[in-house]
Amino acid sequence: MTVPRLVDSFGRKHEYLRISVTDRCNLRCVYCMPEEGMEFEPSDKILTYDEIADVVRVVAGMGISKIRLTGGEPLVRKELEKLVDMIAHIPGIEDIALTTNGIFLGPRAAKLKEAGLTRVNISLDSLRPDRFKMITRGGNVQKVLDSIDTCLKVGLTPIKLNVLLMKGINDDEIADFISLTKDRDIHVRFIEYMPIGHSDEQWKKLYLPLSTVKEVCTQQEWDYESVGNVKGNGPAQNYRLKGAVGSFGLIHPVSEHFCQSCNRLRLTADGYIKPCLAWTEQFQVRNVIGDDEALRHMFLEAIGTKPEHHEMYKFLQGGQETSHTPTHRRMSQIGG
């Protein structure tokens with residue numbers, strides 16, 4: 001039997017599945033969730049490791065070769081190493097990455113690599129203890145920095161640091177972040193602020209064009225050059241200081257959306273396929289896990305609804321909301 005491939009109606013070949021393993025997190029970042037009052041899914045609504053592995057086995061036969069484990073914070077899920085090992089033994093899977101806030105990563109980095117984890121992305125919006133504590137509502141930045149050192153030692157490289165750039169909050173640390181790339185295999189990616197879970201006014205207040213990063217390099221009199229893709233880099237535009245080991249990149253999810261090259265699907269912690277992060281369409285797969293043909297059909301149905309591009313930027317600039325444009329409430333429910 002010929003197994004169909006995951007190609008959408010615009011000819012985009014999908015090879016990448018992001019899997020949220022939990023909606024819970026040990027931090028309460030100011031741009032991500034409220035300080036209190038969050039309602040999380042009960043544990044029996046969250047996909048088990050066996051269910052997740054079964055989904056991966058089926059979609060690996062449809063062309064998925066890259067997996068990213070996300071959350072919430074994926075390392076609040078017990079024994080995540082078991083899931084990594086299960087996925088690593090599925091034929092066709094070539095790359096398993098983890099997106100984490102890094103707080104719990106250090107003590108588990110070696111076991112995760114041994115289980116088959118390929119690399120890590122660490123969300124880190126400030127290097128300053130007081131500021132990091134403010135942004136995360138209580139986090140300890142030293143634990144994250146220690147985790148970075150441990151990952152370098154055990155070979156979980158390249159390490160990517162995801163920095164959400166926010167005007168008036170952390171834009172004075174751009175040079176400090178880029179300096180991390182000078183002598184270590186660290187790749188800093190500055191991410192454009194997205195209006196997830198906030199009002200238009202909040203977005204406009206904190207939004208900063210990523211051209212600011214290049215302006216800082218000029219102010220520092222740093223020579224830099226464009227470089228090719230870093231392993232698993234996705235949509236970033238990459239640059240390297242002359243002579244540096246690592247690199248820095250710019251990711252524009254709103255102003256210069258990269259929809260034309262999107263190759264990703266998302267599986268939520270409670271079992272929904274989301275063809276597009278910034279779109280409301282989703283499909284519940286839990287009831288068909290165990291029926292390979294039905295599961296393949298649902299993924300094909302989902303990818304058939306994927307839009308050519310999201311309308312987030314147009315909407316925020318005063319365009320008309322469509323039936324598929326995510327409201328801020330809906331977007332705040334999207335994990336990972």
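All residue numbers in this chain count up from 1 along the given sequence.
- In this structure, Arg128 pairs ionically with Asp172, as a charged nitrogen and a carboxylate oxygen lie closer than 4.0 Å.
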For the pair Phe104 and Val76, evaluate side-chain contact (heavy atoms from CB on, under 4.5 Å) and give the outcome as yes or no after the intermediate values. CA-CA 8 Å; Phe104 300 140; Val76 304; 3.8 Å; yes
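- Residues satisfying the side chain to side chain donor-acceptor pair (under 3.5 Å) test with Asp176, not counting sequence neighbours, are none.
- Sequence neighbours left out, not one pair with a member in residues 209-227 passes salt bridge (charged side-chain N to carboxylate O under 4.0 Å, His left out).
- Of all non-hydrogen atoms in Val55 and Leu267, the two that sit nearest each other are CG1-CD2, 4.1 Å.
- The residues Glu293 and Arg296 are annotated as salt-bridged, a charged nitrogen and a carboxylate oxygen being separated by less than 4.0 angstrom.
- Leu75 has its side chain within reach of Leu98: a pair of non-hydrogen atoms, C-beta onward, lies under 4.5 Å apart.
- A salt bridge between Asp95 and Arg119 is present, with a side-chain N of the basic residue lying under 4.0 Å from a carboxylate O of the acidic one.
- A donor-acceptor distance shorter than 3.5 angstrom exists from the side chain of Ser147 to the backbone of Gly106, with no hydrogens or angles considered.
- In this structure, Lys45 contributes its side chain and Asp270 its backbone to no donor-acceptor pair below 3.5 Å.
- Atom NZ of Lys160 and atom CZ of Phe248 lie 16.0 Å apart (nearest 0.5 Å).
- Residues passing the side-chain contact (heavy atoms from CB on, under 4.5 Å) test with Arg5 are Val7, sequence neighbours excluded.
- Between Ile19 and Leu83, the closest side-chain pair of non-hydrogen atoms is not below 4.5 Å.
- A side-chain N or O of Glu73 and one of Asn101 form a donor-acceptor pair less than 3.5 Å apart.
- The shortest side-chain heavy-atom distance between Tyr239 and Leu250 falls under the 4.5 Å cut-off.
- Within the 4.5 Å cutoff, the side chain of Ile159 has no heavy atoms near those of the Arg184 side chain.
- With salt bridges taken as basic N to acidic carboxylate O contacts below 4.0 Å, none links Asp171 and Lys167.
- Using a 4.5 Å cut-off on side-chain heavy atoms (C-beta onward), Thr70 and Asn121 make no contact.
- Looking at Val245 and Thr181, their side chains never come closer than 4.5 Å, going by heavy atoms from C-beta outward.
- Put simply, the side chain of Asn170 gets close to the backbone of Leu164: a donor and an acceptor are under 3.5 Å apart.
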Could you walk me through whether Lys111 and Asp85 satisfy the salt bridge (Lys or Arg N to Asp or Glu O under 4.0 Å) test, starting with their C-alpha distance in whole Å, then the side-chain angles of each, then the deciding distance to 0.1 Å, before giving a yes or no? CA-CA 10 Å; Lys111 286 186 177 181; Asp85 181 72; over 6 Å; no
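- Side-chain N or O atoms of Thr118 include one that pairs as donor or acceptor with a backbone N or O of Ile96 at under 3.5 Å.
- Remark: Asp50 does not engage Lys82 in a salt bridge, criterion side-chain N to carboxylate O under 4.0 Å.
- We find that Asp54 and Arg57 are joined by a salt bridge, their nearest charged nitrogen and carboxylate oxygen being less than 4.0 Å apart.
- A distance-only check finds a donor-acceptor pair linking the side chain of Glu173 to the backbone of Leu127 [under 3.5 Å].
- Put simply, the side chain of Arg18 never gets that close to the backbone of Leu265: no donor and acceptor are under 3.5 Å apart.
- Side-chain N or O atoms of Arg28 include none that pairs as donor or acceptor with a backbone N or O of Gly138 at under 3.5 Å.
- Panel note: side chain Arg24, backbone Glu41; a donor-acceptor pair is recorded below 3.5 Å.
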